[in-house]
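One structure is given below, encoded as structure tokens.
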Amino acid sequence: EDQVTQSPEALRLQEGESSSLNCSYTVSGLRGLFWYRQDPGKGPEFLFTLYSAGEEKEKERLKATLTKKESFLHITAPKPEDSATYLCAVQAGGSGSSNYKLTFGKGTLLTVNP
Amino acid sequence: ETGVTQTPRHLVMGMTNKKSLKCEQHLGHNAMYWYKQSAKKPLELMFVYSLEERVENNSVPSRFSPECPNSSHLFLHLHTLQPEDSALYLCASSDGLAGGATYEQYFGPGTRLTVT
């Protein structure tokens, strides 16, 4: 069974204090790993897709990296507007339900204080 | 309208009521999804439609009944719900479900459902 574990559950940073969020996964053949941002009372907003170990993607202050067992979301010099819950999800390889099924973690609640 | 829209945004219903949630996507996608998001739990996939055909019914109780009349619209009909069904219900859409590909799912803002 595919599993996704995110840590920490909650992270509080001062503005400008860089840090990383972790997403550990077990999946039968990774087809893709996704990062989403979710603000309170809203739906998840797509950030990145990573496909293979060693891949990196960046968007503004966020950089996502991928290894064979985990992914990191690095946040450089965060601002209060980066406060949100960050969700990680994996899609397994194969056929059938693998074509659409994402396994999500519980998320990391990030709070950035001014 | 752009992206994925959902109505209503908030819904309070009694256990004997019947109500429907509506989702519309403006992204030209042909797959649509219903998810349930409860506090402290990961998103739970409920239903998946591809080209208006249901391809997944993830052991969801029959008091939840989906309907997909076309590739842009998705409904979730609710009846005789239980208090534990209170949650955020999210709709998502993606490109088609061809084998071997990876498709990002784009989410709507959700409907916050409270069952009293």
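By convention in this document, chain letters (A, B, ...) are assigned in the order of the sequence lines, proteins followed by strands, and residues within each chain are numbered from 1. Predicted model, so just to flag it, every value in this text is computed and none were measured.
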Select all residues of residues 29-36 of chain B having any heavy atom within less than 4.5 Å of some heavy atom of chain A, and report them by number, or 'none'.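 Against chain A, the residues of residues 29-36 of chain B that fall inside the cut-off (heavy atoms, under 4.5 Å) are Tyr33(B), Tyr35(B).
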
Chain A contact via [X] - which portion, at a heavy-atom distance below 4.5 Å:
{"X": "Leu88(B)", "answer": "side chain"}
{"X": "Val55(B)", "answer": "both"}
{"X": "Glu44(B)", "answer": "neither"}

For Gln38(A), which atoms come within 4.5 Å of any heavy atom of chain B: side chain, backbone, both, or neither?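 Contact with chain B is through the side chain of Gln38(A) alone.
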
Going through the distances and angles, do Tyr103(B) and Tyr100(A) end up as a ring pair (Phe, Tyr, Trp, His ring centres under 6.0 Å)? CA-CA 8 Å; Tyr103(B) 299 106; Tyr100(A) 53 80; over 10 Å; no

Ring centroids only, cut at 6.0 angstrom: are Phe46(A) and Tyr106(B) within range, meaning strictly under it?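 Yes.
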
Taking the basic N atoms (NZ, or NE/NH1/NH2) and the acidic carboxylate oxygens, is any pair closer than 4.0 Å for Lys101(A) and Asp2(A)?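 No, no charged N to carboxylate O under 4.0 Å.
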
Is the [atom1] atom of [X] crowded by more than 12 outside heavy atoms at less than 6.0 Å?
{"X": "Arg54(B)", "atom1": "CZ", "result": "yes"}
{"X": "Lys57(A)", "atom1": "NZ", "result": "yes"}
{"X": "Glu53(B)", "atom1": "CD", "result": "no"}

By ring pair (Phe, Tyr, Trp, His ring centres under 6.0 Å) - contacts of Tyr49(B) (at least two apart):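 Per chain and number, Tyr49(B) pairs via ring pair (Phe, Tyr, Trp, His ring centres under 6.0 Å) with no residue.
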
Return the option, out of Gln6(B), Lys41(B), Glu104(B), with the maximum number of heavy-atom pairs under 4.5 Å with chain A.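 It is Glu104(B).
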
Ring pair (Phe, Tyr, Trp, His ring centres under 6.0 Å) assessment of Phe104(A) paired with Phe34(A): CA-CA 9 Å; Phe104(A) 281 85; Phe34(A) 305 86; 8.4 Å; no

